[in-house]
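Below you'll find the structure, written out as structure tokens, and then a few comments.
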Amino acid sequence: MTEKTEPLEALMKQAINGDKRAYAVLLQETSRFLRPFLAKRLNMAAELDDLMQEILISIHKARHTYDGERPFKPWAYAIARYRLQDHLRLHYSDQLRQAIDLSDVENSLPDPVTKSAVTYESIRGEIRALPQKQAAILKMMHQEGYTAKEVAKKIGMKESAVKVAAYRAYKILRNKLERL
Amino acid sequence: MSKIQDLVETLSQDAAVARPAPHPFIMSMKWLAGMTIYLALSLAIYGLRPDLMSKLHEPWFAAEIAVLIVIFVATSFSAALLSFPDLHQMRRVAYAPALMFALFLLVIFFSWSADNPPAALPIHTYECTTCIVLVSLLPAAWTFLEMRKNASTHFRLAGGIALLSALSIGALWLRLHEVNDSIKHVIEWHYLPMIGFGILGMWLGKKILKW
């Protein structure tokens with residue numbers, strides 16, 4: 001690791017002093033070691049190239065903040081991470097902006113295929129045949145639109161007891177309907 | 001890949017000799033020296049509180065002043081480090097102000113507990129906050145301008161810390177100038193607003209230090 005990074009520090013020192021060749025080699029090396037880091041975090045190759053260009057320009061702009069005395073790679077990675085976060089933030093905010101509002105398309109959506117054909121009205125007869133309390137609970141919950149809590153309050157039962165009664169009623173109804 | 005090659009070619013041809021930014025410790029020493037002179041001048045103009053010598057013998061007042069000075073030093077170092085993309089690879093020093101703030105909270109808590117029976121509240125209220133902000137404006141502008149020359153990748157934190165550093169000068173000035181013994185007032189109108197301004201500093205960091 002040290003053998004690989006040492007030349008980068010030396011190259012950057014030369015580059016800061018105006019050595020164009022050293023700078024070109026340094027930028028090439030930088031793009032080489034940053035590529036797998038970015039590839040892991042991005043999906044498209046085109047995106048990767050665009051971001052790599054941004055990073056190299058940022059390194060160029062910020063090169064005065066590197067003095068050649070400390071390891072080069074952490075400095076370069078810090079800039080790469082910063083630009084990557086910026087890129088991802090822009091990318092996702094763009095996606096959100098382009099996202100279609102569900103309310104815009106809901107009129108053109110097909111009818112739900114899982115919609116049940118069984119309604120309260122269609123099995124009114126079977127419900128009437130249930131014990132009186134169960135029938136009253138199902139009527140209030142499915143015809144009048146009360147919640148289990150509201151039904152419990154209305155008929156002076158515990159909410160859990162209402163739910164149990166409703167569950168038993170469903171069970172009886174399911175058995176009856178399956179036999180039909 | 002050829003786009004990258006072209007860019008490398010262009011950038012390397014464009015590369016003139018770059019003057020490296022000063023070491024963050026040099027930067028912060030410059031700020032510390034400049035702001036200490038500024039604080040001394042402000043105190044010379046507006047005057048020290050007449051009972052300062054006797055107040056400095058009170059342990060919690062002395063501790064509060066000492067911790068404010070420590071916060072000022074720590075935030076100066078931290079702001080300088082945060083203006084570099086890699087924090088000059090001294091992450092621990094950059095985050096040191098968090099410890100100093102914890103110490104400060106402890107000192108303030110003990111000062112509050114020791115304020116028994118509580119000292120009389122002064123008549124004024126928000127004027128103290130205004131004074132702290134006004135005194136801190138110049139140090140804040142200087143710090144932000146200097147930090148802008150570098151390339152911060154932690155611009156929000158850098159902005160918050162830079163503003164707290166400048167505000168600590170304002171807070172020090174007021175504690176050494178104003179005759180006021182009520183710690184309740186000091187918490188309410190000196191230190192709590194500073195936290196709010198720290199958040200404003202984060203916003204300023206985004207506006208000024210983002211590159």
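Since the structure is predicted, the reported quantities are computational estimates derived from the model, not experimental observations. Throughout, a chain's letter reflects where its sequence line sits, starting with A, and its residues are numbered from 1.
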NE2-CG distance between A/His64 and B/Asn150, expressed to the nearest 0.5 angstrom: 5.0 Å
Shortest non-hydrogen contact from A/Tyr23 toward B/Ser12: CD2-CA, 3.6 Å
B/Lys55, NZ atom: more than 12 neighbouring heavy atoms under 6.0 Å: yes
Atom of B/Gln89, atom of A/Pro74 and distance for their closest heavy-atom approach: NE2-CB, 3.6 Å
B/Arg49 atom CZ, over 12 foreign heavy atoms within 6.0 Å: yes
Over 12 foreign heavy atoms within 6.0 Å of CH2, B/Trp142: yes
Proximal component of B/Lys210, with respect to chain A [non-hydrogen, under 4.5 Å]: both
Straight-line distance of B/Thr10 OG1 to A/His60 NE2, nearest 0.5 Å: 10.0 Å
Among the listed options B/Ala151, B/Pro24, B/Ala21, B/Ala18, the residue most often paired with chain A at heavy-atom distances under 4.5 Å: B/Ala18
Salt-bridge contact B/Lys3-A/Asp50 (side-chain N to carboxylate O under 4.0 Å): yes
Distance in Å, B/Asp86 CG paired with A/Ile79 CD1, rounded so as to fall on 0.5 Å steps: 7.5 Å
Pairs of heavy atoms under 4.5 Å with chain A: top-ranked of B/Ser83, B/Pro20, B/Pro22, B/Pro85: B/Pro85
Close side-chain approach of B/Thr153 to A/Arg81, heavy-atom, < 4.5 Å: no
Heavy-atom neighbours of B/Phe109 CZ exceed 12 at 6.0 Å: no
Contacting moiety of A/Arg21, where chain B heavy atoms sit under 4.5 Å: neither
Side chain proximity check, A/Leu27 to B/Gln5, heavy atoms < 4.5 angstrom: no
Other residues, nucleotides, ligands: >12 heavy atoms within 6.0 Å of A/Lys133 NZ: no
Pair A/Asp67-B/His23, side-chain donor/acceptor within less than 3.5 Å: no
Residues, nucleotides or ligands: over 12 heavy atoms within 6.0 Å of A/Arg41 CZ: yes
Pair A/Arg70-B/His88, side-chain donor/acceptor within less than 3.5 Å: yes
Options A/Ala15, A/Ser58, A/Gly68, A/Ala22, ranked by heavy-atom pairs under 4.5 Å with chain B, top entry: A/Ser58
Neighbour count above 12 (heavy atom, 6.0 Å) for A/Gln132 CD: no
Side chain / backbone / both / neither for A/Asp86 at chain B, heavy atoms under 4.5 Å: side chain
Which atoms of A/Thr30 approach chain B - backbone, side chain, both or neither, heavy atom under 4.5 Å: neither
Aromatic ring pairing B/Phe155/A/Tyr82, orientation class (parallel under 30°, perpendicular over 60°, tilted between): perpendicular
Backbone of B/Leu7 reached by a side-chain donor or acceptor of A/Gln53 within 3.5 Å: no
Greater than 12 external heavy atoms within 6.0 Å of A/Met157's CE: yes
Min side-chain heavy-atom separation A/Ile16-B/Arg19 under 4.5 Å: no
Inter-residue atom distance B/Leu11.CG - A/Leu26.CG, 0.5 Å rounding: 11.0 Å
